[in-house]
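Everything on this sheet refers to the single structure shown next.
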Amino acid sequence: MRTPHRRAAVFASAAALLTGIAVAAEVSAAPAPVDDPLPAAEQPDDFGASCRTVVQGSRVTAYCHNPYPGTDRVRLHVECAKWWDVDTDSAPVEVAPTAYVQVTGRCWKEVRSAWITHQPSEDPPRARRS
């Protein structure tokens, strides 16, 4: 008499497994969210300051240099390790062509991660006079 219960359990397990596989396939097929302000086709190839971040204890410094003719607007984002520590985002800093800037941020305790985001400046580049 136990075989009907075992068959029902096997059937329920198989149904749950197939449902899980179907849901996983739908999740993996979903497109990733885009945080880019401009689609890749519209972003110029000669854009974006090169930046590096340095973490020293609870302080983060980003060093950025813009080798391109367009102005880049950079922001430093700092994620803190402790749940009660406030994550910070810096104000946008414009990096003019051939310019160099430092952007700083900090946590009260440890830093979990830090990254830079780039955005083109709203001002169009000026035309050169020959």
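- Every salt bridge (Lys or Arg N to Asp or Glu O under 4.0 Å) that K82 has, sequence neighbours left out, goes to E110.
- Legend: disulfide bond (SG atoms under 2.5 Å apart) pairs involving residues 77-117, not counting sequence neighbours, sorted by first then second residue: C80-C107.
- S50 pairs by the side chain to side chain donor-acceptor pair (under 3.5 Å) definition with nothing, not counting sequence neighbours.
- Listed by chain and residue number, nothing satisfies the side chain to side chain donor-acceptor pair (under 3.5 Å) test with D87 (two or more places apart in sequence, or in another chain).
- The distance from the OG1 atom of T53 to the NE2 atom of H77 is 12.0 Å, given to the nearest 0.5 Å.
- Cluster partners of W84, by chain and number: W83, W108. The rule joins Ile, Leu, Val, Met, Phe, Trp and Tyr whenever side-chain heavy atoms lie under 4.5 Å apart.
- In the hydrophobic clustering, V111 connects to V55, V60, V74, L76, V78, V93, V95, V101, V103, I116, either directly or through intervening members, whenever side-chain heavy atoms lie under 4.5 Å apart.
- Remark: P92 pairs with R73, R75 by the side-chain contact (heavy atoms from CB on, under 4.5 Å) rule, at least two apart or across chains.
- Side-chain contact between P67 and T98: absent, with no pair of heavy atoms (C-beta onward) separated by less than 4.5 Å.
- Atoms CD and OG1, on E94 and T71 in that order, are 6.0 Å from each other to the nearest 0.5 Å.
- S58 is linked by a side chain to side chain donor-acceptor pair (under 3.5 Å) to nothing, counting only residues two or more places apart in sequence or in another chain.
- Every residue was checked against the salt bridge (Lys or Arg N to Asp or Glu O under 4.0 Å) condition with R59, not counting sequence neighbours, and none meets it.
- A salt bridge (charged side-chain N to carboxylate O under 4.0 Å, His left out) check over residues 112-121, counting only residues at least two apart or in different chains, returns the pairs E79-R112.
- Partners of D72 by side chain to side chain donor-acceptor pair (under 3.5 Å), not counting sequence neighbours, listed by chain and number: H118.
- Contacts of Y63 classified as side-chain contact (heavy atoms from CB on, under 4.5 Å), with partners at least two apart in sequence or in another chain: R52, V54, T61, Y100, Q102.
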